[in-house]
Amino acid sequence: MMDRRALLAGAAAFAARPAWAQTDAIEALVDQVSPEILLNIVFGLSGFPTRFTEHPSFPAVEAWVEDLMEMQGDVTRFAFQMPSGKTRHNFILGDASDTRGVVLIGAHYDSASEDPMNNAPGANDNATGVAAMLEAYRILSGAGLDKSIVAVAFAGEEQGFFGSAALAEFARAEGWPIEMMVNLDMLGWRPPDPNMPMIIEYDMGNAVAENDAAARAFGQMMAQVAAEYTTLNTSHTDIWASDYMPLEAAGFPAMGLYDGGVESPRYGTSRDVPDAIDFERLEQATRMVIAGVARYAGL
């Protein structure tokens, strides 16, 4: 398994590129994306035999994720209960109560398969989303933006969004000023047609109709920055079946990125391994997240 302390090696060199060397501030940010960091996080998470939330060894996965996130700042452990009675944790980076407004970037770190208690590597679903989330946070959190950037690693997604549902209830009760929830769930499928689009999902009338306009505007902006700063084609669809659903139902605008990977024969199986990941596609998706959030938050 990959050494946690090696995962962000080389990041300082990327971050040190002088912004003044480029006239486009967003381009200067997206050019800091480290393919090495993305690869190492995907391989590191996939190195666990399983990340099934109900597995007895899941606390070791939690410790690994928490340790990795602590390399970027103070981490809040958010406990919640699974239906089995087990206590599990989400992990939060950033200030979710910042009155300037919050962009919450979320990804689930648990996995599933046809044999989840023994073999569920979950490379694309969803080590890729976690890698993109943490790389986006690394770059955006030091960019001097007008909004607070918050990263949340969710557990319990595969059993029915238990981690995100608990967080959504708490966020609503506490009045967290979340202006947008950006969900990252499967970003590295290698499709048979390399021109297949990265899918930009945004809320289209689910539980709270008042969310729709903000989510649609953010989704359309993501398509624009994809054209400007990535090599990806994009398309749009509604949000469905991931951790943005409880946030949307709690009243927060929600959108996400998704690679279409449910069409892969590896989806939801023990064959969802890192060797099958298209890391260039993952890198481009990460660039899109950074560009979209940066433009929304002041650049």
Side-chain angles (χ1 to χ4, degrees), residues 1-4 7 38-69 77-91 106-134 152-167 183-191 240-246 256-279 281-282 285:
M1 186 178 300
M2 193 72 63
D3 182 347
R4 290 187 292 260
L7 289 176
L38 296 173
L39 184 146
N40 286 343
I41 293 175
V42 170
F43 271 86
L45 271 176
S46 303
F48 289 93
T50 180
R51 303 192 311 278
F52 192 62
T53 306
E54 294 283 16
H55 196 278
S57 67
F58 192 74
V61 180
E62 294 184 325
W64 194 94
V65 171
E66 183 177 23
D67 221 24
L68 179 62
M69 294 177 74
R77 292 171 63 95
F78 182 93
F80 66 93
Q81 297 294 312
M82 293 292 290
S84 64
K86 292 183 175 69
T87 298
R88 296 298 188 240
H89 297 88
N90 304 322
F91 298 101
H108 73 89
Y109 66 95
D110 60 317
S111 65
S113 74
E114 78 283 4
D115 185 21
M117 293 300 283
N118 295 296
N119 190 5
N124 194 36
D125 188 13
N126 183 39
T128 56
V130 174
M133 174 188 72
L134 291 179
V152 181
F154 294 111
E157 191 269 354
E158 298 289 0
Q159 290 76 37
F161 323 137
F162 288 106
S164 54
L167 186 81
N183 189 66
L184 306 178
D185 193 350
M186 302 171 59
L187 301 178
W189 178 41
R190 183 179 289 112
W240 61 285
S242 192
D243 283 315
Y244 37 29
M245 303 308 292
L257 294 187
Y258 155 66
D259 61 13
V262 295
E263 298 179 24
S264 168
R266 295 177 182 271
Y267 169 67
T269 75
S270 55
R271 295 184 296 124
D272 182 7
V273 295
D275 286 345
I277 297 300
D278 184 339
F279 282 96
R281 190 165 162 88
L282 173 58

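From a predicted model like this one, the values you see are computed outputs, not experimental measurements. Excluded from the calculations below are hydrogen atoms, water molecules and symmetry mates; all remaining heavy atoms, backbone and side chain alike, are included. For reference, positions follow the sequence shown, starting with 1.
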Problem set entry | Check against side chain to side chain contact (heavy atoms under 4.5 Å, CB included), E158 and D125 | CA-CA 10 Å; E158 298 289 0; D125 188 13; 3.3 Å; yes
For this session: Given side chain to side chain contact (heavy atoms under 4.5 Å, CB included), test D185 with D243 step by step and report yes or no.
Result: CA-CA 9 Å; D185 193 350; D243 283 315; 5.9 Å; no
Problem set entry | Stepwise side chain to side chain contact (heavy atoms under 4.5 Å, CB included) test for T50 and M117 | CA-CA 7 Å; T50 180; M117 293 300 283; over 6 Å; no
For this session: In sequence, state the C-alpha distance, the side-chain angles, and the governing distance for L45 and W64, and then conclude on side chain to side chain contact (heavy atoms under 4.5 Å, CB included).
Result: CA-CA 8 Å; L45 271 176; W64 194 94; 3.7 Å; yes
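The shortest distance between side-chain heavy atoms of R271 and P265 falls below 4.5 Å. When side chains are defined from C-beta on, F162 does not count as touching R88, because their heavy atoms never get closer than 4.5 Å. A 4.5 Å side-chain heavy-atom check between F154 and V130 finds every atom pair outside the cut-off.
No option in T53, L68, N126, V61 other than V61 meets the side-chain contact (heavy atoms from CB on, under 4.5 Å) test with Y109.
Relative orientation of the W240 and Y258 rings is perpendicular, given thresholds of 30° and 60° on the angle between their planes.
Side-chain polar atoms of S270 and E114 form a donor-acceptor pair below 3.5 angstrom.
One distance of note links CD1 of I277 with CZ of R190; it measures 8.0 Å at 0.5 Å rounding. Rounding to the nearest 0.5 angstrom, the gap separating the CZ atom in F279 from the CG atom in L39 is 4.0 Å. A distance of 4.5 Å separates CD of E66 from CZ of F91, quoted to the nearest 0.5 Å. Rounding to the nearest 0.5 Å places NE2 of H108 at 10.0 Å from CD of Q159. Atom OG1 in T128 sits 7.5 Å away from atom CE in M186 (nearest 0.5 Å). A distance of 8.5 Å separates CG of N118 from OG of S113, quoted to the nearest 0.5 Å.
In plain terms, the two heavy atoms of H89 and E62 that are nearest each other are N-OE2, 2.7 Å. Of all the heavy atoms in A165 and P246, the pair that sits closest is CA-CB, 3.6 Å. Minimum heavy-atom separation, V42 to A131: CG2-CB, 4.0 Å. Among all heavy-atom pairs drawn from G260 and W189, the shortest one is O-CZ3, 3.3 Å. Here the closest heavy-atom approach between residue G122 and residue S111 is recorded as CA-CB, 3.9 Å. Closest heavy-atom contact between T269 and P121: O-CD, 4.5 Å.
A donor-acceptor pair under 3.5 Å is absent between the side-chain atoms of R266 and the main chain of V273, judged by distance alone. In terms of modelled atom types and a separation under 3.5 Å, the side chain of D259 and the main chain of G188 share a donor-acceptor contact. In this structure a side-chain-to-backbone donor-acceptor pair under 3.5 Å is missing from N90 to V152. Counting only distance, with no hydrogens or angles, the side chain of S242 and the backbone of Y244 share no donor-acceptor pair below 3.5 Å.
Checked against a 6.0 Å centroid threshold, the rings of F48 and F58 do not count as neighbours.
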